[in-house]
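The structure under discussion appears below in the form of structure tokens.
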Amino acid sequence: MKVGDVPAVPEWLAGHLREDGIEELYPPQAAAVERGVTEGESLVASIPTASGKTLIAELAMLASVARGGTALYIVPLRALASEKQREFEQFEAYGLTVGVSTGNYESDGDWLATCDIVVATSEKVDSLVRNGAGWLDDLACVVADEVHLVDDAHRGPTLEVTLAKLRQLNPSLQTVALSATIGNAAEIADWLDAELVDSDWRPIDLRTGVHYGQALHFDDGDTRELAVRSSERPTAAIARETLDEGGSTLVFVNSRRNAEAAAKRLAGVTGEALTPDEEERLETVAEEIREVSDTETSDDLAACVERGAAFHHAGLARDHRSLVEGAFRDRLIKLVSATPTLAAGVNTPSRRVVVRDWRRYDGTVGGMAPLSVLEVHQMFGRAGRPGLDPYGEALLLANSHDELDELFERYVWADPEAVRSKLAAEPALRTHVLATVASGFAGSREGVLEFLDRTLYAAQTTEPGRLEHVTDNVIDYLVVNDFLERTGDDLTATSLGHTVSRLYLDPMSAAEIVDGLRGASAPTAMGLYHLVCRTPDMYELYLRSGDREEYTMLAYERESEFLGAMPSEFEDGRFEEWLSALKTARMLEDWASEVDEERIAERYGVGPGDVRGKVDTAEWLLGAAERLAGELDMGVAPAVREARVRVQHGVKEELMDLAGVRGVGRKRARRLFDAGVETRADLRAAEKPVVLAALRGRRRTAETVLENAGREDVSMEGVTPDPDAAPAESSPAPAEREGTGEDQSSLGDF
DNA sequence: ATGGTCAGTTTTTAGACAGCATGTC
DNA sequence: CTAAAAACTGACCAT
């Protein structure tokens with residue numbers, strides 16, 4: 001089908017696509033159009049990555065917008081939200097507006113309502129529904145990206161329930177669900193009353209195979225020799241061969257440590273094949289990586305990048321990740337070894353993909369569990385960059401002839417699993433039943449069940465009564481904990497229940513927090529950190545060998561600070577979990593005591609990304625706790641607020657005022673304080689030379705800071721730093737270079 | 001005393017959404 | 001009930 005033949009889309013679209021070199025639709029896209037996506041028909045597209053899913057979504061959304069409606073694009077990750085935003089902004093030239101809404105970044109609320117296309121995470125959409133965002137009622141088209149994630153036990157139910165709610169709000173809503181190739185796409189289409197496009201078509205060839213011994217065995221029966229030098233690992237041989245052909249390699253492994261170790265080892269391979277120009281540009285990237293954070297992880301990563309390799313996992317800071325992704329896309333980094341983060345995240349295709357580890361540790365089964373076919377195929381799907389590589393190759397590694405056969409059987413020739421709803425689990429229902437009642441979708445047990453009947457779970461279940469049973473348990477729990485009120489057959493949310501639903505808290509977290517705060521009169525920061533850390537919304541740090549003793553001691557030492565009873569040391573599982581929460585809480589305490597990032601990372605054996613992640617979650621939960629304390633008039637709200645602000649800025653109590661000034665973080669606040677400028681008010685009255693010295697002589701920074709503190713005369717013109725007030729540090733601030741302009745020297749501050 | 005190698009033993013194990021109101025070095 | 005690689009430990013040997 002030619003781009004000009006697509007019905008019901010804006011007139012400019014065909015021309016726009018031709019400008020991008022698109023004359024003809026890919027077969028799955030053409031099929032989608034034939035099924036009526038541009039004419040408002042709902043559709044499930046189960047097709048491989050990189051086979052043009054985004055354009056299908058765009059066709060549907062643009063056609064909807066052309067008819068005067070609004071379109072919503074739901075993504076599973078925040079990083080994908082910004083990626084899609086950038087992609088859709090190409091249409092702003094034609095007068096469309098694009099907005100984003102995620103937990104950490106949101107377009108202005110009023111503006112969002114006027115947008116033609118909104119990109120949001122599934123949790124954010126759920127939250128918008130709970131908070132009654134009016135514009136959702138006028139939605140014409142919703143696109144659910146990566147819809148196979150409804151299979152995810154933790155986050156799948158949210159997507160499932162959200163789609164059901166949107167469709168109930170607006171029965172004529174067009175639903176476009178994009179999925180990886182899955183075993184039961186027809187069933188999903190059935191659930192969504194949608195047409196189906198189910199195809200394996202890819203724009204560039206993907207060869208999959210298994211490496212064993214000195215050969216690569218491909219799915220089409222082809223075999224090719226691969227010389228593995230003695231004492232060389234297969235992955236290294238594959239990477240070397242790919243490099244010789246001018247391609248890049250993406251290696252998937254099953255742990256962070258493996259990712260780092262493999263990158264270090266394979267940097268030996270990539271390091272040999274760099275041009276001087278590449279070396280220079282890599283050096284720049286490495287430098288940027290070191291600037292992101294002063295930790296071992298950061299140094300290790302930079303050392304790998306200098307030699308053309310990198311590792312990628314969730315312990316990396318956000319900026320680390322995007323630097324690696326960017327340099328890999330630019331073909332500067334030749335090899336990335338990654339945990340599954342990269343398979344699910346932003347688009348990072350590579351000539352070759354090696355799935356080195358096909359088993360992963362899984363505590364729930366007590367050992368290594370094989371990856372699902374779906375996951376492995378998703379990783380395979382990263383092979384081959386359309387328009388850049390002649391083909392893509394994806395390989396598994398076998399250590400024996402039997403394993404060779406098994407891998408073919410299990411992954412290469414296997415069809416992906418069916419996607420199954422995970423809604424009927426108590427933790428999932430706890431939060432969704434409360435939200436369903438609180439936001440008025442149901443007003444009784446029957447109403448709740450009626451609503452749940454619209455979900456995929458109901459469409460799939462073969463176990464009659466199970467959902468009903470779990471729902472009853474959950475309703476009882478919610479009533480007992482005062483989130484719901486039952487009068488006769490009617491269910492209504494209490495004011496507490498409404499608050500919890502709007503705060504997006506797991507009711508169990510809320511119950512734990514309320515419980516802990518009730519018994520407290522003057523909680524310490526540690527007590528509060530521990531309280532939020534043992535909540536199901538916080539993912540705790542892992543206890544390592546020796547930690548049990550260490551934290552048991554700490555527990556007794558600071559026994560008086562903890563809110564609520566400490567479980568008995570002999571009550572096994574509970575105590576361990578309580579200690580994990582303590583470890584996490586102490587990390588937060590360190591952070592809020594101005595311990596530097598490097599030291600924290602080392603002390604707790606985590607990466608900079610983990611520190612930021614925990615801090616963010618704690619900030620959110622403490623904010624929620626503050627609201628709950630206020631709601632219940634508990635008088636501890638100021639203490640909670642203090643704990644929250646300290647975590648937010650990573651400062652001790654005395655710096656809270658200063659760190660609240662825009663442009664002043666934990667480091668600047670500390671330097672100002674030590675120079676005698678102790679409060680925001682001091683900042684307005686302080687001697688300029690003192691302020692300037694505390695801010696390491698950066699004039700522009702000093703002016704901005706003073707302005708943000710509300711000072712009138714901010715000019716630092718002609719002011720010289722007071723040498724007596726200069727921070728006494730081991731490495732003195734770099735003096736402003738002679739001859740360079742003011743502006744240039746302040747660049748380093750941002 | 002120091003350092004390197006090697007084999008056997010112990011340890012460890014993926015990911016990342018959300019409130020609210022504005023900003024780090 | 002299930003694994004595998006890295007990190008650690010200690011013996012042994014050469015300097």
Among [options], which nucleotide sits nearest the side chain of [X]?
{"X": "Lys124(A)", "options": "dA6(C), dG19(B), dA16(B)", "answer": "dG19(B)"}
{"X": "Tyr539(A)", "options": "dG15(B), dC20(B), dA6(C)", "answer": "dG15(B)"}
{"X": "Asn258(A)", "options": "dA5(C), dT12(B), dG19(B)", "answer": "dA5(C)"}
{"X": "Ser127(A)", "options": "dA18(B), dC25(B), dG15(B)", "answer": "dA18(B)"}
{"X": "Tyr542(A)", "options": "dG15(B), dA18(B), dT13(B)", "answer": "dT13(B)"}
{"X": "Arg360(A)", "options": "dA6(C), dA18(B), dA14(B)", "answer": "dA14(B)"}
{"X": "Trp620(A)", "options": "dA16(B), dG19(B), dT2(C)", "answer": "dG19(B)"}
{"X": "Asp152(A)", "options": "dA18(B), dG15(B), dC25(B)", "answer": "dG15(B)"}
{"X": "Glu123(A)", "options": "dA18(B), dT11(B), dG23(B)", "answer": "dA18(B)"}

Can [X] and [Y] be counted as having a side-chain donor-acceptor contact under 3.5 angstrom?
{"X": "Asp362(A)", "Y": "Thr364(A)", "value": "yes"}
{"X": "Asp126(A)", "Y": "Tyr504(A)", "value": "yes"}
{"X": "Thr295(A)", "Y": "Glu597(A)", "value": "no"}
{"X": "Thr102(A)", "Y": "Asn104(A)", "value": "yes"}

If only side-chain N and O atoms of [X] are considered, is one of them under 4.0 Å from the OP1 or OP2 phosphate oxygen of [N]?
{"X": "Thr121(A)", "N": "dA18(B)", "answer": "yes"}
{"X": "Arg612(A)", "N": "dT24(B)", "answer": "no"}
{"X": "Lys614(A)", "N": "dA16(B)", "answer": "no"}
{"X": "Arg359(A)", "N": "dA4(C)", "answer": "yes"}
{"X": "Ser255(A)", "N": "dA4(C)", "answer": "no"}
{"X": "Arg321(A)", "N": "dA16(B)", "answer": "yes"}
{"X": "Arg502(A)", "N": "dC20(B)", "answer": "no"}
{"X": "Arg78(A)", "N": "dA18(B)", "answer": "yes"}
{"X": "Ser122(A)", "N": "dC17(B)", "answer": "no"}
{"X": "Arg257(A)", "N": "dT12(B)", "answer": "no"}
{"X": "His154(A)", "N": "dC17(B)", "answer": "no"}

Problem set entry | Glu512(A) with Arg534(A): basic N within carboxylate O range, under 4.0 Å | yes
Exercise. Who does dA11(C) pair with, Watson-Crick or G-U, both distances under 3.5 Å?
Worked result: dT5(B)
Exercise. Across all strands, who's sitting opposite dA16(B) as a Watson-Crick or G-U wobble pair, both distances under 3.5 Å?
Worked result: none
For this session: Look at all strands and tell whether Ala344(A) reaches a base, only sugar-phosphate, or nothing, counting heavy atoms closer than 4.0 Å.
Result: nothing
For this session: Tell me whether Tyr361(A) is stacked on the nucleobase of dA3(C), counting only the six-membered base ring and applying the 5.5 Å and 30° thresholds.
Result: no
Problem set entry | Arg627(A) (side chain) donor-acceptor with Thr499(A) (main chain) under 3.5 angstrom | no
[X] [atom1] to [N] [atom2], straight-line distance once rounded to whole Å:
{"X": "Leu695(A)", "N": "dC25(B)", "atom1": "CG", "atom2": "C1'", "value": "11 Å"}
{"X": "His312(A)", "N": "dA14(B)", "atom1": "NE2", "atom2": "C1'", "value": "13 Å"}
{"X": "Leu159(A)", "N": "dC17(B)", "atom1": "CG", "atom2": "P", "value": "14 Å"}
{"X": "Glu594(A)", "N": "dC25(B)", "atom1": "CD", "atom2": "P", "value": "11 Å"}

Seminar exercise, completed: Residue pair Met368(A)/Ala262(A) against DNA chain C: nearer the 5' end by closest nucleotide is Met368(A)
Exercise. Does NZ or CZ of Arg666(A) fall inside the cone over Trp591(A)'s six-membered ring, less than 6.0 Å from its centre and within 45° of the axis?
Worked result: yes
For this session: Could you work out the separation of dC17(B) and dT2(C) based on their C1' atoms and round it to a whole Å?
Result: 32 Å
